[in-house]
Engineer: 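Handing you a structure now.
All values below were derived from every heavy atom in this structure, side-chain atoms included, with hydrogens, water molecules and symmetry-related copies excluded.
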Amino acid sequence: MLFQYEAELDAFLEFLIWRFSIWVDKPTPGIALMNLRYRDERAVEPRGKVRTGLEGPGLTVAQKIWYCIATVGGQYMWARLQSFSAFRRWGDSEQRPLARRAWMLIQRIEGLYKAASFGNLLIFLYTGRFRNLIERALKARLVYGSPNMNRAVSFEYMNRQLVWNEFSEMLLLLLPLLNSSSIRNLLSPFSKDKASSSVEDDTACPICLASPTIPFLALPCQHRYCYYCLRTRCAATPSFRCSRCSEPVTAMQRHSGVNNLDPKQ
């Protein structure tokens, strides 16, 4: 039900944010963290340059209403139009010519809007004014709310946060490239107690290192695993290899030999 009315819920949340922020001349939570506010650029341009962002009035009532119509109503109508056209399959070649033309028109409008948004982004990076097309059309510019602002976060915390972010990104990049079974096989010749390790390999699951409660065999190598450990690894990795011999696991069988299951089922 939430997925069916996702567009309505998003529009309602956007309307609440607009109603209790921009409509009452207050910044949104994200804009407030950056010490910014909206200013009517049409009332400032005839006066010439200003020293700080404190000069100039806020948005007019008409600008606020048009901002709501464009951000809330426009995005909602466009999302519903796209979902409706995709559900009706207007883009299929078997559809009527009118539906096909409507689909092509939607695609062209979307392409033109993306191109215009990209051009506006380049202009914004050069001039620092009007971050999107709606703000440019309404002449609503983000400026500083106050000339001075105390930093709420210390530099030490920011440095730790940057280090942790870089470390987490490195782990997300390297972890998929690592294979635990290959690393274990690489370090196995350096094990001190080979006899105990061999006995442990015969009695314990090589994944959880515990005695299997429901023992299953990995085929064709016949090594014993826990049912849950082997099933989850096979489901997560279709090309899962045995943790002991690195042989591809093609199926799994109950240790008693009664049941034969495919790991992909």
Engineer: Using only atom types and a distance under 3.5 Å, with no angle test, would you say the side chain of Q63 pairs donor to acceptor with the backbone of L138?
Structural biologist: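 Side chain of Q63 to backbone of L138, a donor-acceptor pair under 3.5 Å: yes, one is there.
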Engineer: Same cluster or not: are L81 and W103 linked, directly or through other Ile, Leu, Val, Met, Phe, Trp or Tyr residues, by side-chain heavy atoms under 4.5 angstrom apart?
Structural biologist: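 Yes; W103 is reachable from L81 via cluster members.
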Engineer: Roughly how far, to the nearest 0.5 Å, is CD1 of I31 from CD1 of I22?
Structural biologist: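 Those atoms lie 6.0 Å apart.
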Engineer: Below 4.5 Å, heavy atoms only, C-beta onward: do L142 and E135 meet side chain to side chain?
Structural biologist: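 In short, these two side chains touch, coming nearer than 4.5 Å.
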Engineer: Supply the atom-to-atom distance L105 CG to Q107 CD, rounded to the nearest 0.5 angstrom.
Structural biologist: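 Going from CG on L105 over to CD on Q107, the span is 10.0 Å.
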Engineer: Is there a donor-acceptor pair under 3.5 Å between the side chain of N120 and the backbone N or O of F130?
Structural biologist: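 Yes: the side chain of N120 pairs with the backbone of F130.
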Engineer: Please round to the nearest 0.5 Å and tell me the distance separating atom CG of L230 and atom CD1 of I207.
Structural biologist: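 Interatomic distance, L230 CG to I207 CD1, rounded to 0.5 Å: 6.5 Å.
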Engineer: If every non-hydrogen atom of R254 is compared with every non-hydrogen atom of I214, which pair is closest and at what distance?
Structural biologist: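 So the two residues come closest at NH1-CG2, 3.7 Å.
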Engineer: Grab the two heavy atoms, one from V249 and one from C242, that are nearest each other, plus how far apart they are.
Structural biologist: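 Closest heavy-atom pair between V249 and C242: CG2-N, 3.8 Å.
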Engineer: Rounded to the nearest 0.5 Å, how far apart are CZ of R136 and CZ of R141?
Structural biologist: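 Rounded to the nearest 0.5 Å, the CZ-CZ separation comes to 10.5 Å.
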Engineer: May I ask whether L171 and W164 are part of the same hydrophobic cluster, defined by side-chain heavy atoms of I, L, V, M, F, W, Y residues being less than 4.5 angstrom apart, directly or through others?
Structural biologist: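 Per the 4.5 Å side-chain linkage, L171 and W164 are co-clustered.
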Engineer: Working to the nearest 0.5 angstrom, can you tell me the gap between T28 OG1 and E14 CD?
Structural biologist: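 T28 OG1 to E14 CD: 10.0 Å, rounded to 0.5 Å.
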Engineer: At their closest point, which heavy atom of A11 faces which heavy atom of V72, and how far apart are they?
Structural biologist: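 Minimum heavy-atom separation between A11 and V72: O-CG1, 3.5 Å.
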Engineer: Please report the closest heavy-atom contact between R39 and P57, naming both atoms and the distance.
Structural biologist: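 The pair with the smallest heavy-atom distance is CG-O, 3.2 Å.
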Engineer: Would you say that W78 contacts Y113 through its side chain, given a criterion of any heavy-atom pair below 4.5 Å between the two side chains?
Structural biologist: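 No, every pair of side-chain atoms sits at 4.5 Å or beyond.
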Engineer: Honestly curious: do I65 and L59 fall in one hydrophobic cluster under the side-chain, below-4.5 Å linking rule?
Structural biologist: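 Same hydrophobic cluster.
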Engineer: Do the non-hydrogen side-chain atoms of L122 and Y126 ever get within less than 4.5 Å of each other?
Structural biologist: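 With C-beta onward as the side chain, the pair stays apart.
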Engineer: Can you find a pair of side-chain heavy atoms, one from W23 and one from V61, that are under 4.5 Å apart?
Structural biologist: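 They are in contact (side-chain heavy atoms under 4.5 Å apart), so the answer is yes.
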Engineer: State the OH-OG1 distance between Y67 and T71, to the nearest 0.5 angstrom.
Structural biologist: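 One gets 5.5 Å once the value is rounded to the nearest 0.5 Å.
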Engineer: Side chains of R42 and T60: does their closest heavy-atom pair fall under 4.5 Å?
Structural biologist: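 In contact.
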Engineer: Applying a strict under-4.5 Å side-chain criterion to I, L, V, M, F, W and Y, I'd like to know whether M34 and Y144 cluster together.
Structural biologist: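 Yes; tracing contacts between hydrophobic side chains, which count when under 4.5 Å, links both residues.
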Engineer: Thinking salt bridges, do E8 and R80 make one under a 4.0 Å N-O criterion?
Structural biologist: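 Salt bridge: yes.
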Engineer: Is there a donor-acceptor contact under 3.5 Å from the side chain of W66 to the main chain of I134?
Structural biologist: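 No.
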Engineer: Is there a side chain to side chain contact (heavy atoms under 4.5 Å, CB included) between C221 and R244 once you walk through the steps?
Structural biologist: CA-CA 9 Å; C221 62; R244 293 173 181 162; over 6 Å; no
Engineer: What are the two closest heavy atoms between A204 and L209, and how far apart are they?
Structural biologist: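 In this case the closest contact between A204 and L209 is CB-C, 4.1 Å.
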Engineer: Looking at every non-hydrogen atom in both residues, tell me the closest pair between P220 and E247 and how far apart they are.
Structural biologist: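 Minimum heavy-atom contact is CG-OE2, 3.2 Å.
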Engineer: Would you call the rings of F216 and Y227 parallel, tilted or perpendicular if under 30° counts as parallel and over 60° as perpendicular?
Structural biologist: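 F216 vs Y227 ring planes: tilted.
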Engineer: Do L9 and F12 sit in one hydrophobic cluster, given that two such residues count as connected whenever their side-chain heavy atoms are within less than 4.5 Å of each other, even indirectly?
Structural biologist: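 No, no single cluster joins them.
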Engineer: When you compare the side chain of R19 with that of V24, does any pair of heavy atoms fall below 4.5 Å?
Structural biologist: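 With C-beta onward as the side chain, the pair touches.
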Engineer: Check for a donor-acceptor pair, side chain of Y225 on one end and backbone N or O of S243 on the other, with a separation under 3.5 Å.
Structural biologist: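 Yes: the side chain of Y225 pairs with the backbone of S243.
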Engineer: Check the surroundings of atom CZ in F124: do more than 12 heavy atoms from other residues, nucleotides or ligands lie under 6.0 Å from it?
Structural biologist: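 More than 12 within 6.0 Å, yes.
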Engineer: Using side-chain heavy atoms (C-beta onward) and a distance below 4.5 Å, is N165 in contact with Q161?
Structural biologist: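 Yes; the side chains approach each other to less than 4.5 Å.
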Engineer: If we ignore hydrogens and angles and just use 3.5 Å, is the side chain of R233 paired with the main-chain N or O of R241 as donor and acceptor?
Structural biologist: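 Flag not set: sc R233 to bb R241 has no pair under 3.5 Å.
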Engineer: Report yes if some heavy atom in the side chain of P27 is under 4.5 Å from a heavy atom in the side chain of L36; otherwise report no.
Structural biologist: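 No, their side chains stay 4.5 Å or more apart.
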Engineer: Charged N to carboxylate O below 4.0 Å: is that the case for D25 and R37?
Structural biologist: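 Looking at D25 and R37, the cut-off is not met.
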